[in-house]
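Only one structure is covered here, and it is reproduced in the block below.
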Amino acid sequence: MKTLMLGNEAAARGLYEAGCAVVSSYPGTPSTEITECAAKYDEIYAEWAPNEKVAMEVAFGASLAGKRSFTGMKHVGLNVAADPLFTISYTGVNAGMVIGVADDAGMHSSQNEQDSRHYARAAKLPMLEPSDSAEALAFMKLAFDLSERFDTPVLLKMCTRIAHSQSIVETAARTQPPERPYRKDAAKYVMMPGNARRRHPVVEERLGALADYAETTPINRVEAGSDTSIGLICSSTAYQYVKEVCGDRYPVLKLGMIHPLPKRLILDFAARVQRLIVVEELDGFIEAHCNGLGLTVEGKSLFPAIGELSQNAVRTALGMEPAGGTALAEPIPPRPPVMCAGCPHRGLFYTLKKHKLTVLGDIGCYTLGATPPLTAIDAVICMGASVSGLHGFNKAGADAHRTVAVIGDSTFMHSGMTGLVNIAYNDSNSTVIIVDNSITGMTGHQDNPTTGRNLKGDPAAKVDLEALCRALGIRRVRVVDPYDLAACDRAVTEELAADEPSVIIARRPCALLKYVKHNGPLAADADKCRGCGKCMQIGCPAISIADRKVSIDNTLCTGCGVCSQLCSFGALGGEEK
């Protein structure tokens, strides 16, 4: 049956059709929907793991037991999983194991713009790279076959445009792969130095066999063109842009297997054209390979190593006129990211800013506390870094009574716990604030170990954050409602004054959760408003000032009441009539 599917949805369909049995992932845009869609198939056991390292190890365990497995993550998540990744390359697999990684060129929802193709080369693993939804499905199935044929995990690289765009796919029935029973083999799976030394030559031999495969696989193909003055090498979204701009004018070498790259195929293609150009996003990965073959090639001299490409970028690089468009009569006003109306993080960040504290932040919705008018966060690095960084900041001689870390409940479970152990173990006078909105918010409301529900929404063990923090060695643990500004103020003041480690849990569910019931929108009394603008200091999108008078958008206001606590004149409060 032919149907339209998102790239991520098609990848999940590939998991189903390939007979994948176990999926373990951590949500991260733009990879999240692969696992969410896989969970809809009853034949696949799917879960959210606490972090990507755990997820990859779960997938390896399932493969070892003889079941096809998958783990999915975004590019920065692969950093977290890099430890098992490199060693699983040595052990190989039993049943097929596929690792999905989704890059985010343009940083639509990421803190950096890294190119995951380098991981394939560094870990000496094969990587496939689809260029549309149909290939996402087909390449996923192929990846399992290659995994078992070459005894290796296989990386499947998605990107934002492929993951979140739709194209036509043709679905098929699920194929149940032959059973692969587990057999004890310490020399293969126990990576102590003596065994690992013997496995490394196996990895190198496998890489050579994969390179031979890359020469003949149909997913690396030459598409003829009428004008051989230029030959284009590309993959993924770059292939789509090239075909949209050039059609069949120039010959194209379309690469579906991005590592290892073929040699003879590229050399033969280069010999047919006068000018060789590599079109690829981010780093010059293919270009460097061509340079290593001794070819004269253009790539990053024409295309940037920053951000996404486009049809007009390809046109310009090839000396064509950019495609025109219709200019807007008026410029579009900027729309910076902002916390939602009623967001439980807003009151806390207002309190932190009021006290002029140094705040080490983390990855999640609360990162928006760094934006005006709150501007309450000083540094954000990666998952869990707020807690570890706070410890180092304070041990370096900073004023521990003026510095806090802020981390979400899901991120704390991901990689904040070990940082808190370090604080307790090394007697760090540090205050950590866990902003518990009862969900993994930024990536689309996925459950986590603190919510009491699993990926399918079924009841699951629920981590007690207060008990956990105490078990990790923290004696001072208190819970506060971030909608209560006075309570937030007391908690922050008292815990910073203490001379021992402490944790504040700012607990209030995300305002967008379906089960959260809101009060009616607040009313604004223009007669009482003095135009002081204090209510604007919390940056709520439901509040505006016109002609020096406050106004509330009743389509946005949730009635949280944070703004009314700031108004000294009673201009905000009560339900709208």
Side-chain angles (χ1 to χ4, degrees), residues 7 11 14 30-31 72-75 78 85 89 98-105 113-132 134-147 150 152-163 206-223 232-243 252-267 269 276-293 295 297 299-300 303 305 308-309:
S31 73
M73 59 205 70
K74 66 186 296 178
H75 61 289
L78 193 55
L85 176 77
S89 175
V98 178
I99 302 161
V101 57
D103 283 9
D104 189 19
E113 203 174 26
Q114 73 188 46
D115 191 328
S116 294
R117 295 178 296 179
H118 296 293
Y119 267 114
R121 181 166 56 197
K124 302 185 178 182
L125 291 173
M127 175 179 275
L128 309 184
E129 189 174 27
S131 61
D132 59 22
E135 287 191 347
L137 192 161
F139 285 17
M140 183 69 80
K141 295 167 70 173
L142 175 62
F144 280 109
D145 293 339
L146 294 178
S147 178
F150 291 96
T152 181
V154 176
L155 290 155
L156 182 80
K157 177 181 173 292
M158 303 287 282
C159 67
T160 303
R161 297 300 170 185
I162 303 303
R206 180 187 71 204
L207 196 60
L210 285 162
D212 290 339
Y213 173 81
E215 302 287 358
T216 58
T217 176
I219 67 172
N220 292 339
R221 66 176 185 266
V222 175
E223 298 179 358
L232 301 163
I233 304 178
C234 50
S235 66
S236 189
T237 46
Y239 168 75
Q240 299 292 353
Y241 300 146
V242 164
K243 296 303 286 186
V252 172
L253 174 53
K254 196 271 186 190
L255 296 170
M257 187 172 190
I258 207 67
H259 188 265
L261 287 164
K263 297 179 180 179
R264 294 189 304 274
L265 185 63
I266 292 176
L267 290 171
F269 179 77
L276 189 63
I277 298 177
V278 174
V279 187
E280 57 186 329
E281 287 185 334
L282 300 183
D283 298 338
F285 186 86
I286 304 171
E287 181 183 5
H289 179 74
C290 293
N291 286 330
L293 298 177
L295 295 171
V297 60
K300 291 303 149 185
F303 300 100
E308 295 180 288
L309 297 182

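The nearest pair of heavy atoms linking G72 to S31 is C-OG, 4.4 Å. Considering every non-hydrogen atom in both D115 and K157, the closest pair reads OD1-CE, 4.2 Å. The minimum heavy-atom distance linking A123 with S89 is given by the pair O-OG, 2.7 Å. Here the closest non-hydrogen pair linking M127 and S116 is CE-O, 3.4 Å. Taking both residues in full, the closest heavy atoms of A136 and G7 are given as CB-O, 3.6 Å, listed atom of the first, atom of the second, then distance. Shown here for N220 and G256, the closest heavy-atom pair between the two residues is OD1-N, 2.9 Å.
Side-chain atoms of E223 never come within 3.5 Å of backbone atoms of K254 as a donor-acceptor pair (strictly under, hydrogens ignored). No donor-acceptor pair under 3.5 Å is formed between the side chain of H289 and the backbone N or O of P260. Judged purely by atom type and a 3.5 angstrom limit, E113 has no side-chain atom pairing as donor or acceptor with the backbone of L282. In terms of modelled atom types and a separation under 3.5 Å, the side chain of E129 and the main chain of S235 share no donor-acceptor contact. Not a single donor-acceptor pair under 3.5 Å links the side chain of D103 to the backbone N or O of A105.
M158 has its side chain out of reach of P30: every pair of non-hydrogen atoms, C-beta onward, lies at least 4.5 Å apart. With contacts defined as side-chain heavy-atom distances shorter than 4.5 Å, the pair T237/E308 does not qualify. Between F303 and I277 the shortest side-chain heavy-atom distance falls below 4.5 Å. Contact annotation: the side chain of H259 approaches that of F285 to within less than 4.5 Å [non-hydrogen atoms, C-beta and beyond]. At a threshold of 4.5 Å between non-hydrogen side-chain atoms, the residues Y119 and H75 do not count as touching. Contact check for K124 versus T152: no side-chain heavy atoms found under the 4.5 Å cut-off. C290 places a side-chain heavy atom less than 4.5 Å from the side chain of V278. A heavy-atom distance below 4.5 Å is found between the side chains of I233 and F269.
Residues R161 and S236 have side chains that never bring a donor and an acceptor to within less than 3.5 angstrom of each other. No side-chain donor-acceptor contact under 3.5 Å links Y241 and E281.
The number of heavy-atom neighbours closer than 6.0 Å to NZ of K243, taken from other residues, nucleotides and ligands shown, is above 12.
Atom-to-atom distance recorded for D104:CG and K74:NZ is 5.5 Å, nearest 0.5 angstrom. In this structure, the separation between CG on L232 and CG on L253 is 10.0 Å, given to the nearest 0.5 Å. One distance of note links CG of L128 with CG of L142; it measures 5.5 Å at 0.5 Å rounding. Atom CD of E135 and atom CG of L156 lie 10.5 Å apart (nearest 0.5 Å). To the nearest 0.5 Å, atom CG of residue L293 and atom CG of residue L267 are 5.0 Å apart. Once rounded to the nearest 0.5 Å, the distance linking CG of L276 with CD1 of I266 reads 8.5 Å.
By the salt bridge (Lys or Arg N to Asp or Glu O under 4.0 Å) test, E280 is found to be paired with R117, residues two or more places apart in sequence or in another chain being considered. Among residues two or more places apart in sequence or in another chain, the ring-ring contact (aromatic ring centres under 6.0 Å, His included) test is passed with F150 by Y213. Partners of D145 by salt bridge (Lys or Arg N to Asp or Glu O under 4.0 Å), not counting sequence neighbours, listed by chain and number: R68.
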Next on the checklist: Please determine whether side chain to side chain contact (heavy atoms under 4.5 Å, CB included) holds for the pair V222 and L265, giving the CA-CA distance in whole Å, both sets of side-chain angles, and the decisive distance to 0.1 Å.
Outcome noted: CA-CA 9 Å; V222 175; L265 185 63; 4.3 Å; yes
